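We use all heavy atoms of the structure for the numbers below, so side chains are in, but hydrogens, waters and symmetry mates are not. Just so it is clear, the structure is predicted and the values come from calculations on it, not from any experiment. Along the sequence shown, the residues carry numbers beginning at 1.
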Amino acid sequence: MSVDDVVADNSHRTPVFNFDRHAAEYRENFLPITEEMQSKCPMAWSDTHGGHWVAAGSDEVFNIVRSPNVSNDHDIKGVRRGYKGIMIPTAERASGVRGGILEMDDPEHREFRALLNPYLSPAAIQKWIPIIDEVVQASLDEKIESGRIDFVDDLANVVPAVITLAMLGIPIKKWEVYCEPVHAAIYTPPDSPDIARIGELHRNMGIDLLTNLFEIREKPRPGLINAIADVEVLGEKPDDMELLGILSLLIGGGFDTTTALTAHALEWLGENPTERTRLSDERDALLDSATEEFLRYFSPTPGDGRTFSADCEFSGAQVKEGERVWLSWAMANRDPALFDEPNSVDIERKGNRHFSFGLGVHRCIGSNLARTVFKRMLIAVFDRMPDYTCDAENTVHYDSIGVIQGMRHLPATFTPGKRIGPGLDATLEKLQVLIDEQELAAPITAKK
C-alpha cells in the first residue's frame with residue numbers, strides 16, 4: 001500500500017488555511033499569517049503543494065516533532081511506505097536521492113549520525129577557529145581598501161563554503177564550484193522557469209562530489225567524506241547515491257543557513273547602529289545571547305516536513321497515517337505563548353528555547369559549526385568595518401523563503417582600511433597546505 005492509498009475520507013481535514021510558504025508574498029506577510037494561524041488555527045490543513053497539515057504553534061510543533069507517530073523517511077525506492085521526506089513539495093532534483101540523515105528514521109539515522117558526530121562536536125569545531133579567522137580576514141582584505149562590500153557575495157557566502165569543504169576533505173579552492181548551485185537551488189522557487197538550469201548545476205556539483213568520494217575511497221584523506229566512504233550501516237553497505245545524499249545535506253546545511261543568519265544579522269545591526277555598538281563593546285557578555293536571538297528571530301531554516309506514520313490527534317486535529325505535515329520552526333519562534341514580545345529583537349533575551357536548529361533526534365548536527373562561523377564573521381566586521389552602512393535600495397532578499405530565509409545581496413559602505421594579508425586566493429593556497437599537513441579534517445577522536 002502506498003501513501004496515496006491510505007486516506008480515502010478527507011472530511012477530517014479541518015480547519016483549513018491557505019498556507020503557501022513558497023508564494024512570492026509570503027515573506028512580506030509572514031507576520032500577519034503567523035499571528036492569524038496562532039490565534040485561530042495553530043494546527044490546520046492546507047491544500048497547497050498536494051495538501052498537507054501545518055503546525056504553526058510552539059506546542060504543536062514541539063509535540064509533533066517528538067511524537068513516535070511521525071517519520072522523516074524518504075522512500076525513494078518505493079520499498080517501504082512511500083513517505084516523501086522533509087520537503088513539501090518534493091523537489092525534482094531530490095526525487096532520486098534521499099536528503100541524508102535528515103530523511104532517515106532510527107536506527108539507520110542513529111548509526112549514520114554517530115559516524116559524523118566526532119567531526120562536528122564543540123571540541124572538534126574549536127580547532128577550526130584559526131582557519132575560520134584567516135578565511136574571514138582574507139575575505140575582508142579583498143574589500144577593505146575600497147570601502148565597499150557585498151556582505152553576502154564577499155563574506156557570508158565565502159567563509160561557510162570554504163570551511164565546509166575543508167571539513168569534508170574537498171580542496172578548498174573549489175568553493176565557488178559548490179557555492180552557486182547550493183544557493184541558487186534554495187532561492188529559486190520550485191515553479192521557476194530557471195529550475196532546469198539549477199538542476200543542471202546541481203548535477204555537475206554532484207559529479208564533482210562523487211569524484212571526491214571515489215578518490216578518497218581509493219586514497220583516503222581526512223574528512224567527513226572519509227568517515228562514510230566505506231561504512232556498513234545496519235549490516236549493509238550503502239550505495240553511492242545514499243552517500244551522496246548525506247554529503248549534499250552537509251554541504252547545504254553548512255553553506256546557506258549560516259550565510260542567511262549572517263546577512264540578516266548584519267542588516268539588522270546596520271539598521272540599529274546603537275545596538276551594533278553595544279554588542280561590539282559588550283561582546284563578551286552579549287554575543288552568545290545575541291546569536292541565539294538572531295537565530296530565533298530570523299529562523300534561517302523556516303521549517304521541515306514530516307509524514308504521519310499512524311492515525312493520531314494533535315491539538316484537536318485528527319490526522320491520518322500517510323498525511324504530510326509542515327513543522328514551522330519560524331512561526332513557532334514567534335509564538336507569544338513561549339516568547340515575550342516575540343516580534344522584537346532582544347539581544348539580551350534569556351532562556352531562548354528557539355526552534356531554529358529543529359528538535360529531537362534530528363536536531364541540526366552542524367549547530368556548533370554554524371554558531372562559531374557566524375560569531376567569527378560578526379566580530380571581524382565589528383573590528384574592521386565598525387561604521388558600515390547597508391545599501392537598502394540594492395539589498396536583495398530571497399523571493400521564496402520556503403526552504404531558507406536568505407538574502408542574495410547585502411551591499412554596504414564603510415570607512416576604508418588597510419589590508420592585513422595577501423588576499424583570498426593566496427590565503428586559501430596557504431591554508432590548504434596547513435590543513436593537509438596537520439590533518440585538521442580528521443575527527444576529534446583521532447590520535448594526534
V345/E275 under side chain to side chain contact (heavy atoms under 4.5 Å, CB included): CA gap, chis, key distance, verdict: CA-CA 10 Å; V345 173; E275 289 292 271; over 6 Å; no
Chi angles and distances behind the side chain to side chain contact (heavy atoms under 4.5 Å, CB included) call for L410, C390: CA-CA 7 Å; L410 181 61; C390 294; 3.9 Å; yes
D304 and H362: CA distance, side-chain angles, deciding distance, side chain to side chain contact (heavy atoms under 4.5 Å, CB included) verdict: CA-CA 11 Å; D304 277 324; H362 288 92; over 6 Å; no
Verdict with reasoning, M167 to L369, per side chain to side chain contact (heavy atoms under 4.5 Å, CB included): CA-CA 10 Å; M167 296 180 72; L369 177 62; 3.7 Å; yes
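Judged by distance alone, the side chains of R148 and T413 never bring a donor and an acceptor atom under 3.5 Å apart. Inspection of the S280 and R283 side chains reveals an N or O donor paired with an N or O acceptor under 3.5 Å. Side-chain contact annotation: H409 with D150, donor-acceptor N/O pair under 3.5 Å present. Side chains of D208 and N212: a donor on one and an acceptor on the other come within 3.5 Å. Using modelled atom types and a 3.5 Å distance limit, the side chains of D133 and Q137 yield no donor-acceptor pair. For S58 and D335, the side-chain atoms include at least one donor-acceptor pair closer than 3.5 Å.
Looking at R349, its side chain does come within 3.5 Å of a backbone N or O of D340 through a donor-acceptor pair. One N or O on the side chain of S309 and one on the backbone of N69 form a donor-acceptor pair closer than 3.5 Å. Listed for the R276 side chain is no donor-acceptor partner under 3.5 Å among the backbone atoms of L279. Between the E103 side chain and the I86 main chain, a donor and an acceptor come within less than 3.5 Å of each other. Between the side chain of S139 and the backbone N or O of L155 there is no donor-acceptor pair closer than 3.5 Å. Between the side chain of N368 and the backbone N or O of L120, at least one donor-acceptor pair lies under 3.5 Å. No side-chain donor-acceptor contact under 3.5 Å links H49 to the backbone of T90. Judged purely by atom type and a 3.5 angstrom limit, E293 uses its side chain to pair as donor or acceptor with the backbone of D346. Judged purely by atom type and a 3.5 angstrom limit, E134 has no side-chain atom pairing as donor or acceptor with the backbone of L431. Side-chain atoms of K375 do not come within 3.5 Å of backbone N or O of T291 as any donor-acceptor pair.
For E282, the CD atom sits in a packed shell: over 12 heavy atoms of surrounding residues, nucleotides or ligands are nearer than 6.0 Å. Applying the 6.0 Å contact sphere to CZ of R363 captures more than 12 heavy atoms from other residues, nucleotides or ligands. Atom CZ of R353 has 12 or fewer heavy atoms from other residues, nucleotides or ligands within 6.0 Å. Summarising the local packing, NZ of K173 is surrounded by 12 or fewer heavy atoms from other residues, nucleotides or ligands at distances under 6.0 Å. Annotation: K127, atom NZ; neighbour count of heavy atoms from other residues, nucleotides and ligands within 6.0 Å is above 12.
Inter-residue side-chain proximity for L102 and I365 is flagged as unmet; no heavy-atom pair is nearer than 4.5 Å. Between F112 and P238, the closest side-chain pair of non-hydrogen atoms falls below 4.5 Å. Residues S289 and N352 form no side-chain contact, since every pair of their non-hydrogen atoms from C-beta on lies 4.5 Å or further apart. Considering only heavy atoms from C-beta on, E111 stays 4.5 Å or farther from M104 through its side chain. Residues W329 and S356 form no side-chain contact, since every pair of their non-hydrogen atoms from C-beta on lies 4.5 Å or further apart. Residues R296 and R334 form a side-chain contact, since some pair of their non-hydrogen atoms from C-beta on lies under 4.5 Å apart. The side-chain heavy atoms of D59 and S315, taken from C-beta on, include no pair separated by under 4.5 Å. Residues M407 and T395 are in side-chain contact: their nearest non-hydrogen atoms beyond the backbone lie under 4.5 Å apart.
In this structure, CH2 in W326 is found 12.0 Å from OG in S46, a value given to the nearest 0.5 Å. To the nearest 0.5 Å, the span separating NZ on K143 from CZ on R419 amounts to 10.5 Å. Atom CD1 of I33 sits about 12.5 Å away from atom CZ of R27, to the nearest 0.5 Å. Here L244 contributes atom CG and L249 contributes atom CG; the two are 11.0 Å apart, rounded to the nearest 0.5 Å. In this structure, the separation between CZ on F374 and CD1 on I379 is 9.5 Å, given to the nearest 0.5 Å. Taken from CG in L359 to SG in C364, the straight-line distance is 12.0 Å, to the nearest 0.5 Å.
Closest approach of F30 and A330 over heavy atoms only: CZ-O, 3.6 Å. Annotation for A44 and M37: closest pair CB-CE, 4.0 Å, computed over non-hydrogen atoms. Considering all non-hydrogen atoms of both residues, T257 and P300 come closest at O-CB, 3.7 Å. Of all heavy-atom pairs between F414 and I144, the closest is CE1-O, 3.5 Å. The shortest non-hydrogen separation linking A441 to A166 is CB-O, 3.5 Å. Closest approach of V182 and H202 over heavy atoms only: CA-NE2, 4.3 Å.
Ion pairing between R371 and E292 holds under the 4.0 Å rule for side-chain N and carboxylate O. A salt bridge links D141 with R384: the distance from a Lys NZ or Arg NE/NH1/NH2 to an Asp or Glu carboxylate oxygen falls below 4.0 Å. Comment: R98 engages D73 in a salt bridge, judged by a side-chain N to carboxylate O separation of less than 4.0 angstrom.
Taking the six-membered ring for Trp and thresholds of 30 and 60 degrees, Y388 and F151 have ring planes more than 60 degrees apart, a perpendicular arrangement.
Among I101, L224, I246, V231, the one residue that satisfies the side chain to side chain contact (heavy atoms under 4.5 Å, CB included) test with L115 is V231.
In summary, the aromatic rings of F62 and F355 are positioned with their centroids too far apart to meet the 6.0 Å limit.
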